[in-house]
2 protein chains.
Amino acid sequence: MKHTFDALCEKLHEKAYKLTPQREVILRAFIEDGEGHLSAEDVYNLVKTRNPDIGLATVYRTLDLLAELDILHKMDFGDGRSRYEFCDREEHHHHHLICICCNKVAEFDDDLLETLEAVIARKSDFKILDHDVKFFGLCKECQNKS
Amino acid sequence: MKHTFDALCEKLHEKAYKLTPQREVILRAFIEDGEGHLSAEDVYNLVKTRNPDIGLATVYRTLDLLAELDILHKMDFGDGRSRYEFCDREEHHHHHLICICCNKVAEFDDDLLETLEAVIARKSDFKILDHDVKFFGLCKECQNKS
DNA sequence: TTGATTGCAAAATATTTGCACGTCA
DNA sequence: TGACGTGCAAATATTTTGCAATCAA
């Protein structure tokens with residue numbers, strides 16, 4: 001928790017960006033939120049309780065910044081809005097299980113995908129830098145709904 | 001090619017939908033286009049040469065319809081617009097390789113992912129119905145640019 | 001005939017940008 | 001102090017929707 005702020009300060013300093021209350025409170029929203037997968041509007045609403053004057057544009061700009069600094073990872077679950085979570089949780093081997101019934105997003109850890117990346121690298125001339133793997137289906141609760 | 005139209009007619013009939021020139025010409029755009037991965041605007045532009053009076057809203061409505069009929073598959077490459085390709089090409093084991101430099105989309109066939117799905121099904125209580133796998137990186141041309 | 005379908009324009013949604021003002025370093 | 005950052009409103013971009021006119025079955 002503390003080290004996340006320290007990392008922010010350091011990375012901001014490196015690129016001559018400034019530490020502002022808005023940036024701090026937005027990062028705190030992610031630290032305090034257990035769920036992850038926050039959208040810009042989610043963050044905006046969380047942050048407004050502590051900082052009612054913050055603008056939505058600032059939230060967007062800050063999320064971009066935090067993604068550029070490799071603190072947050074921007075992702076897309078196909079519902080028309082971008083979502084963000086901490087990069088370090090995205091250690092390249094956790095995948096998202098998206099329930100098409102209740103829209104909950106669960107996670108699954110696995111590194112089998114590295115095998116697939118190795119196959120692709122060998123068979124094609126494509127240099128893989130990142131991947132995005134989503135599984136759509138029914139979560140436990142929705143399976144039992146009938 | 002012919003069978004695609006027949007499939008359309010049959011599926012339309014089943015649900016009491018009508019076969020209109022607009023629907024026909026939009027489907028034809030996909031048949032005649034080799035590349036695939038067409039966006040609504042791509043389709044609109046292709047179709048306007050034969051049917052200059054068509055409206056963009058009709059294109060959107062028809063793409064939704066064709067997706068509902070399992071003729072097209074709606075997908076999202078994270079560039080802020082939806083793209084569509086024939087369902088039968090999406091036989092659950094071809095993945096997309098998206099170049100982060102030139103935005104070209106290549107494809108890669110593999111069924112290794114079925115192994116991963118089996119692992120997930122066994123270890124979690126999630127019933128997988130579909131998946132979406134994208135790899136981001138540099139295509140051959142862009143690797144040789146710098 | 002008649003309900004589905006269309007084209008148009010307006011609305012909705014998510015995100016970005018210009019700009020005057022404010023603030024961190 | 002001065003460049004960076006912010007809030008607001010307006011602009012974009014994509015997709016959706018209301019509605020009167022049109023068309024397929």
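Here is the naming used below: chain letters follow the sequence lines, and residue numbers restart at 1 for every chain. Everything quoted here is computed from the prediction, not taken from an experiment.
Taking only side-chain nitrogens and oxygens, B:T20 never comes nearer than 4.0 Å to OP1 or OP2 of C:dT5. Between D:dG7 and A:Q22, a contact under 4.0 Å exists linking OP1 or OP2 to a side-chain N or O.
Nearer the 5' end of DNA chain C, as judged by each residue's closest nucleotide, is the contact made by B:L19, out of B:L19 and B:Y44. DNA chain D is contacted by both B:R83 and A:V59; A:V59 maps to the nucleotide lying nearer its 5′ end (nearest heavy atom per residue).
Within 4.0 Å of B:S82, counting heavy atoms only, lie sugar-phosphate atoms of the nucleic acid but no base atom. Contacts of A:R23 with the nucleic acid, taken as non-hydrogen atoms under 4.0 Å apart, involve only primed sugar atoms and P, OP1 or OP2.
The interatomic distance linking A:L65 (CG) with D:dT6 (C1') rounds to 13 Å, in whole Å. One interatomic measurement links the two molecules: NE2 of B:H13 to C1' of C:dG3, which rounds to 15 Å at whole-angstrom precision. In this structure, CG of B:L56 is placed 13 Å from C1' of D:dT17, rounded to the nearest angstrom. For the pair B:I26 CD1 and C:dT5 C1', the interatomic distance rounds to 12 Å; values are reported in whole Å. Across the protein-nucleic acid pair, B:N51 atom CG and C:dC8 atom P stand 11 Å apart, rounded to whole Å. Here D:dA13 presents its P atom at 18 Å from CG of B:D76, a figure rounded to the nearest Å. Computed from coordinates, the A:K18 NZ to D:dT6 P distance equals 10 Å when rounded to whole Å. When the P atom of C:dT6 is taken as reference, atom CG of B:L63 falls 12 Å away, rounded to whole Å.
The side chain of A:D64 sits closest to C:dT16 out of C:dT16, D:dG7, D:dT15. The A:A40 side chain lies nearest to C:dT15 when the options are C:dT15, C:dT5, C:dA14. For A:A57, the side-chain atoms get nearest to D:dA9 when compared with the rest of D:dA9, C:dG7, D:dT14. You'll find that the side chain of A:Y60 is closest to C:dT15, out of C:dT15, D:dT14, D:dA24. With distances taken from any side-chain atom of B:Y17 to the nucleotides C:dT5, D:dA3, D:dT14, the minimum falls on C:dT5. Taking only side-chain atoms of B:R61, from C-beta outward, the nucleotide of D:dG7, D:dC19, D:dT16 with the closest atom is D:dC19.
A donor-acceptor contact shorter than 3.5 Å is absent between the side chain of A:K140 and the backbone of B:S124.
A:K11 NZ: more than 12 foreign heavy atoms inside a 6.0 Å radius.
Inspection of the A:E85 and A:H37 side chains reveals an N or O donor paired with an N or O acceptor under 3.5 Å.
Note that the OH atom of A:Y44 and the CG atom of A:L63 stand 13.0 Å from one another [nearest 0.5 Å].
The shortest non-hydrogen separation linking A:F136 to A:I100 is CB-CG2, 3.8 Å.
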